[in-house]
Protein chains: 2
Amino acid sequence: MAATMSDVARRAGVSVKTVSNVINGHPYIRASTRRRVEEAIRELDYRVNISARNLRSGRSGTIALAIPELTQPYFAELAQAVIDVAATVDLTVFVETTGGDVDRELAIVSGRREVFTDGLIFSPQGIGPDDASAITPTVPTVLLGERIFHSSLDHVTMANEAAANEAVTHLLATGRRRVVLLGAAPDDPVVGAGPLRLRGARAAYAEAGVDLDPRLVVAPREWSRDAGEATVRALLEQGMPFDAVFGMNDALALGALRALVSSGRRVPEDVAVAGFDNTLDARFSTPSLTSVDPGRREIAGLAVDLLHRRLSGQREDEEHEEVVASFRLEVRESTAA
Amino acid sequence: MAATMSDVARRAGVSVKTVSNVINGHPYIRASTRRRVEEAIRELDYRVNISARNLRSGRSGTIALAIPELTQPYFAELAQAVIDVAATVDLTVFVETTGGDVDRELAIVSGRREVFTDGLIFSPQGIGPDDASAITPTVPTVLLGERIFHSSLDHVTMANEAAANEAVTHLLATGRRRVVLLGAAPDDPVVGAGPLRLRGARAAYAEAGVDLDPRLVVAPREWSRDAGEATVRALLEQGMPFDAVFGMNDALALGALRALVSSGRRVPEDVAVAGFDNTLDARFSTPSLTSVDPGRREIAGLAVDLLHRRLSGQREDEEHEEVVASFRLEVRESTAA
DNA sequence: CTGAAAGCGCTTACAG
DNA sequence: CTGAAAGCGCTTACAG
């Protein structure tokens with residue numbers, strides 16, 4: 001049987017309250033008392049029962065991060081960033097993966113969850129604007145990304161449009177004239193990262209005074225390397241001329257890179273390639289991949305800060321913020337002039 | 001104020017016990033009773049208090065997975081695999097990252113943790129055999145990997161030696177004679193993946209009757225792409241002749257690939273490269289990377305199964321197993337003959 | 001099939 | 001600075 005706080009109290013000859021004070025770093029405890037308690041803890045190999053603490057205090061010191069899946073480097077890196085930032089304000093992160101499944105996402109965002117957390121950072125993928133009304137969070141929640149907007153939740157976004165604009169402007173500035181826009185379908189009705197990045201990319205064409213061949217706007221079935229590779233391979237096979245590819249995430253861009261190289265194209269000499277996310281994969285691919293850095297660290301920092309300030313009572317319940325992280329285009333080998 | 005179980009009971013006109021039975025899927029409840037309870041739950045928007053449940057039952061339905069960091073694809077993919085497998089037996093996974101830090105690892109493995117879980121799957125990186133005595137788990141624990149052995153814990157390992165042997169045998173069989181062994185130092189005293197893979201690689205040389213130039217055994221400062229790239233670049237700069245590289249993980253191999261390509265070497269024509277881990281990065285690099293698949297899915301399955309069987313009382317406390325996952329060499333472009 | 005009571009192990013006011 | 005008591009919201013035997 002594990003020792004309880006009252007076992008410790010009895011052994012140290014103090015009350016349970018005093019043991020609790022010592023454990024929770026309460027100040028103003030006589031040094032001798034503290035020493036006696038700590039000794040009793042050691043002797044009994046006592047450990048706090050987290051469930052009891054959580055039940056009584058109504059808090060857990062834990063926040064959840066819900067993302068589609070850890071096998072996508074963007075999300076793995078985001079998760080690590082959130083974990084690291086949260087640790088600086090003594091919050092533990094529970095990473096939950098949804099697989100982008102609508103039901104799982106709805107369950108998470110409406111409080112039907114298996115783990116008790118004080119807050120939630122949620123990056124939706126399956127649910128869309130139509131599901132906004134089904135969002136009935138039971139804990140303070142910060143939304144990530146552009147899929148959903150909800151007037152009574154905090155929100156951290158990235159500058160999708162401006163960032164995509166800069167990437168395509170860069171490609172056009174290096175002399176490319178037929179830049180494939182790989183990601184969103186031209187008629188995608190959803191307000192999300194894809195359509196926003198597409199809009200920014202289109203604007204770059206317009207601003208450079210270059211006509212965009214509509215056949216260069218292509219949407220793979222998903223934003224994965226496999227799909228990126230297949231889509232670009234298909235373009236090559238049908239003899240479509242192009243001299244650059246803007247992948248709307250790094251996975252697509254890396255898939256494109258692979259299709260190009262395996263078909264004998266040289267990158268960047270024959271075709272330039274740029275991506276979006278600036279994952280570690282972009283930095284280490286061959287050639288290294290030019291990519292938009294969406295400020296992952298900053299996104300993590302902003303999201304945790306919004307939650308932490310609310311949890312610690314520094315923000316009012318009715319107050320809701322929307323913040324935008326700043327981006328930067330990382331130019332690398334894949335788009336050399 | 002959130003509704004409690006007794007609010008629901010009052011509204012449904014039943015006892016708290018009956019509400020509990022309905023929520024926990026207890027059989028033998030009159031259909032009409034169940035319906036009334038479910039309606040009351042809906043009306044009151046009642047949600048179970050997880051802390052209270054955990055405290056009373058002494059269980060959480062949650063297991064922890066402690067890994068060094070999510071930014072390493074091997075671990076991100078392992079984490080996703082563990083999450084997926086655990087879900088099939090109704091266990092939720094709490095991913096904890098240690099950064100390979102000795103103190104954090106010791107804290108986790110001796111029960112000083114912030115979250116209440118029923119079990120632990122632990123992949124140590126910082127602590128070594130000398131710390132084995134400091135391992136005093138408070139919950140059933142499964143160790144992963146070769147860094148530590150502990151007679152009273154379950155253990156899942158991979159066939160490091162045989163797998164490395166097969167990879168190097170493959171390189172030698174395609175005619176390469178000077179295979180760089182990139183990873184472990186020849187005099188590394190630690191019993192871990194590195195020394196074991198080195199031993200298997202050496203044996204491959206011996207079995208093929210090829211002499212191993214000791215200068216081809218090189219240890220980067222860490223098993224990262226950066227370090228792999230720097231180490232191979234240094235070899236190239238000092239004019240060391242070699243016609244293949246066996247990276248003891250994919251990160252090292254991909255770093256080597258990059259150093260080779262950026263210095264004008266062709267892969268696999270001039271230098272062949274093989275890795276270990278078979279991460280998604282290996283499949284998608286250019287050229288695609290031959291790599292040992294250590295059976296990540298199987299490792300996740302075995303670890304969760306060991307834990308689940310113990311938690312569900314199907315295994316005795318004194319019983320401890322050590323299981324080895326099976327591997328397979330995935331041959332790809334980077335080692336074409 | 002359902003109820004009444006006890007109790008899991010903490011923290012939180014309330015005192016002094 | 002420390003104590004005694006209450007109570008967080010469930011599940012678990014024990015009855016019937």
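Remember, predicted model here, so these are calculated numbers, not experimental data. Residue numbers start from 1 in every chain, and the chains themselves are labelled A, B, ... in the order their sequence lines are given, proteins ahead of strands.
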Could you pull out all residues at least two apart from [X] that satisfy side-chain contact (heavy atoms from CB on, under 4.5 Å)?
X: B:Val323; value: B:Val156, B:Leu302, B:Leu306, B:Glu321
X: B:Asp131; value: B:Leu106, B:Ile127
X: A:Ser110; value: A:Arg112, A:Thr136
X: A:Arg297; value: A:Ala81, A:Asp84

How many whole angstroms separate atom [atom1] of [X] from atom [atom2] of [N]?
X: A:Asp7; N: C:dC10; atom1: CG; atom2: P; value: 9 Å
X: B:Arg35; N: C:dC1; atom1: CZ; atom2: C1'; value: 16 Å
X: B:Arg36; N: C:dT2; atom1: CZ; atom2: C1'; value: 11 Å
X: A:His26; N: C:dC10; atom1: NE2; atom2: C1'; value: 16 Å
X: B:Ile50; N: D:dC8; atom1: CD1; atom2: C1'; value: 15 Å

(request) Kindly state each residue pair satisfying side-chain hydrogen bond (donor to acceptor under 3.5 Å, both in side chains) with at least one member in residues 52-63 of chain A, sequence neighbours excluded. (result) A:Asn24-A:Arg53, A:Ser60-A:Asp118

(message) Base contacts versus sugar-phosphate-only contacts with protein, heavy atoms under 4.0 Å: please encode nucleotides 11-16 of chain D as B, S and - from 5' to 3'.
(response) BBB---

Once salt bridge (Lys or Arg N to Asp or Glu O under 4.0 Å) is applied, do any residues pair with [X], and if so which ones, sequence neighbours excluded?
X: B:Arg34; answer: none
X: B:Arg30; answer: none
X: B:Arg36; answer: none

(request) Would you mind checking if B:Glu96 and B:Arg113 are paired as a salt bridge, meaning a charged N to carboxylate O distance below 4.0 Å? (result) yes

(message) Under 4.0 Å between a side-chain nitrogen and a carboxylate oxygen: does that hold for A:Asp305 and A:Arg309?
(response) yes

(message) Please report the distance separating the P of D:dA13 from the corresponding atom of C:dC1, rounded so that it comes out in whole Å.
(response) 22 Å

(request) Measure from the side-chain heavy atoms of B:Thr4 and tell me the nearest of C:dC10, C:dG3, D:dC10. (result) D:dC10

(message) D:dG3, OP1 or OP2 - any side-chain N/O from A:Thr18 closer than 4.0 Å?
(response) yes

(request) List in numerical order all residues of residues 37-46 of chain A for which some heavy atom is under 4.0 Å away from an atom belonging to DNA chain C. (result) A:Tyr46

(message) Both atom distances under 3.5 Å, Watson-Crick or G-U wobble: I'd like the secondary structure of DNA chain C as a dot-bracket string, with | for pairs made across strands.
(response) |||.||||||||.|||

(request) Indicate, with a heavy-atom threshold strictly under 4.0 Å, whether B:Ile29 touches base, sugar-phosphate, or nothing. (result) sugar-phosphate

(request) Using a heavy-atom cut-off of under 4.0 Å over every strand shown, decide if B:Thr33 touches base, sugar-phosphate, or nothing. (result) sugar-phosphate

(request) Sequence neighbours left out, what passes ring pair (Phe, Tyr, Trp, His ring centres under 6.0 Å) with A:His155? Give chain and number order. (result) A:Phe149

